[in-house]
Amino acid sequence: MFLRRAFVAGSPLSPRLRYPAHLPCGRSLASGPQSLDALTLQCPTPSDTLRAAPVERTDNFHRHVERLHTAVFKHRIPRSEVVTRFAKVISIPRKSGVDVPQPTAQLLEEVLLSLCPSTRVEDPEPFRSTLRLAVKPLREDVIAYALKIFNRLLGRRPTTHALSWLWAIACMEEFRSVDTLPHWHRLLETAANRREKHLISKCWKRIAEVTVGPTAETVKTVISALFRPSSRTRDSIPPFDFIQDIIGLVAKYHLSYDPSIAQTIRDAYSLAGSQEVAHRVEQMYTEAASKSKGTLTRQQMHSLLSTRVMAGNDKAAIRLIRELVPLGLEPEEETLSVLIRRNPTPANLKYWREVIGVRGTARVSVRVMEGLLDERSKEVVPFYLSELCDGTVPSPHMLHVAIQSLISTGLKIPSEQSVDQALTLYREYTSQCVAPPDTQDAPEAITVPEQAVVEPPLQKTYQLLLRLLTSQAHVVKRLPDAVSLVEDMQRFHVRVDRHLTVSVIVILMRSSSTPSEAFRLYRLLAQPIAHKPQGKEDDISFNEESYTAILHAFCTLESWPNGIPSARQYFEVVADMRKQGLRVTTKAYTIIIGQLARLVTNLSADDPDSVETRAMIARTLARVHNHLNVNSEFTPDPPLWNQLMDAYQRAGCFPEACRIWQKLFSSQMFNHASVSIIIDACAFNEAYDMAVRIYMTLVEQKFPINIRNWNTFLECLCRLGKLDEAMKVLCLEMTGRDDGIEPDLQSVRILLKFAAKTNQEMEVRSRVKRFLPKLYYSLPKDSLGIP
């Protein structure tokens, strides 16, 4: 039965064949990975391939490929004869457009693998020429086909087969334009996962022969793979001697230092709980990467030192410094800053200064001062003074931190002693400063002496001091100091931000004893800003909101005689606003008009000076009115005219109020507020005829009088003693209107209020009950006289 089955298959049984030892396996590469233990596996016989695809038995090309395969693996013909016969097989004519079947392609691939040189002694050219022939019937690109086989070899053992194949194809003419380094890295990654140390060394050697050579990325690939957990290895951490040999390759090939590799080593060992080994291996890598002079930069050196210092390993840091000095990496100021980063204290700074022989400048001192600022702020000033005594040239940052430690006390108000000490430090510092030359006035005439190396204080230092001196607790006592600071700011050309400048101006103005002093302080702080170069925009220049705050503060100073602001000085500030390029808005006028209206409203009739004060307010209003008329760039809107008209009538300037009304009426700019203001003015100035004329004119023009206008007219009539007319207007003219306006409770209350003075309350209630019964019964009981 066995013999019958064999002959039915079409050919006699063939003996089992084996691959040469350097081939990956006897089975086709496409069939998947085999056992990891066997280095040589049995090869399938030609009859197996025919059973897989019996139709190919009649294919002449397949029969020749099968015979070649048998000759290679059974009869072990020489490599030169394999190349010759392979070329003859490939030249056999085939049907055009018909692909080579998979079994045939597998046999060709296995024959091709047998030609791959396993040692450098063997000539690779026969293999390469055969590879170029093999792709012709397969109709594939040489590069794609070669890399496809390489990818299969990576999944098999031994890995040396993949190394031999990649080295053989990498030198081909077709691969000159292909970057093969990523494929070498994949091979290294596979070898590292399998812990094949000797293969890694061979691979690095081949890389140096066929590419630009191993790079830092090559090291990173191997190191990362060594520490990556794998099912092939029992432990994710490689043996120490293994990693030592790998790092030795770094020095052999003169590779530069890469911080990410050091970080990978630290993280891997730290994760495994081997901190000591991590530092040891990292140090080995650093030393290996540093053996070629110039491969380690100062930035990398400082990164290494920072790692050791932050881990508390000062001895390792000192050892590294001594190792790098022969390479030309001498310690410098930045090195000192790195060494004190973990523990920025005066004692630690002194220690490292003695170790490396570098004192450093104020930058190092500032780092220590900032380290003391949070929890040991009382030590900041003594350290600052000791640094000055030791010859350190102070910097603006040093001064700022020293002052900050004295007056930044959280919610607590700084003591007078702290404020005095802060000002003393400031004055001692500024006594060494030289003001920068005014380049606009004398660009070449003034030169700064060479010894003037102390820079002016920082903007934020002035902000800190000014906020303190202008606070409620110190504003009166420290006003001269604040003014002195402002003068220094002008001398050193220092400008604080817009919001702080405005706040300081407002506070200093309100603290001034006279309006003239307040105006001088405003000029002192704001004038340089107002005359900044054209077209230059920054966050220091005042905006409309800034000037609004200044105008309001200046207008409401308590030191004004009788509280009346000077219109001349007020509009000088407005002129500065215009010079700044800002558009003058209604707000610039409403501030002073509103202040004058409040002053005249609060005047007491019992005050003997009230008449004179009212006259002064009227004159100031007239000056404001004049500014409105002559300012051609500004057109007042109805609300502003209404405000001025109301202020005039409150100041007793009824003719001026009437002129404004006539201006509004003739230009049709009036509104409901305008009507209420002028009618109210008629009431207080006993202008009954004018009130009636205005009312009649509005009715004729069909102006939509609202309920507030009606109530103002009712009050005007009552105030002028025309209660009967007011009742007629309430009961007849305000009822049944087409515009839907009806009297309300306020309308009735106005009449009852004035009727009580002439004992006419019952008459008013009777009229309301008769003509407005719904409104009458909605009135409160006390208004109806019901107990």
(request) On the 0 to 90° scale, with breaks at 30° and 60°, tag the Tyr695-Trp710 ring pair as parallel, tilted or perpendicular. (result) perpendicular
(message) Donor-acceptor check, side chain of Ser676 to backbone of Ala673, threshold 3.5 angstrom: yes or no?
(response) no
(request) Please answer whether the main-chain N or O of Phe554 pairs with a side-chain N or O of Trp560 as donor and acceptor at a distance below 3.5 Å. (result) yes
(request) Look at Glu656 together with Arg659 and state whether they make a salt bridge at an N to O cut-off of under 4.0 Å. (result) yes
(request) Taking Ser511 for its side chain and Leu508 for its backbone only, find out whether a donor-acceptor pair lies under 3.5 Å. (result) no
(request) Determine whether the side chains of Asn709 and Thr712 contain a donor N or O and an acceptor N or O closer than 3.5 Å. (result) no
(request) Answer yes if the side chains of Asp481 and Tyr426 hold a donor-acceptor pair under 3.5 Å, and no otherwise. (result) no
(request) Scan side-chain atoms only and decide if Ser747 and Asp744 contain a donor-acceptor pair under the 3.5 Å cut-off. (result) yes
(request) Answer yes or no: is there a donor N or O on one side and an acceptor on the other, between the side chain of Gln668 and the main chain of Phe665, under 3.5 Å? (result) yes
(request) Would you verify whether the NZ or CZ of Arg765 falls within 45 degrees of the ring axis of Tyr776 while also being under 6.0 Å from that six-membered ring's centre? (result) no
(message) Please enumerate all residues that pass side chain to side chain donor-acceptor pair (under 3.5 Å) together with Thr697, with sequence neighbours excluded.
(response) none
(message) Tell me if a side-chain donor or acceptor on Gln432 pairs with a main-chain N or O of Val454 at a distance below 3.5 Å.
(response) no
(request) Kindly check if the number of other-residue, nucleotide or ligand heavy atoms within 6.0 Å of NE2 (His552) is above 12? (result) no
(message) Under a 3.5 Å cutoff, is there a donor and acceptor pairing between the side chains of Gln569 and Tyr522?
(response) no
(request) Could you pull out all residues at least two apart from Asp738 that satisfy side chain to side chain donor-acceptor pair (under 3.5 Å)? (result) none
(request) Say whether Asp646 and Gln649, considering side chains only, have a donor N or O and an acceptor N or O under 3.5 Å apart. (result) yes
(request) Before giving the answer on ring-ring contact (aromatic ring centres under 6.0 Å, His included), spell out for Tyr570 and Phe519 the whole-Å C-alpha distance, their side-chain angles and the decisive distance to 0.1 Å. (result) CA-CA 9 Å; Tyr570 181 89; Phe519 189 77; over 10 Å; no
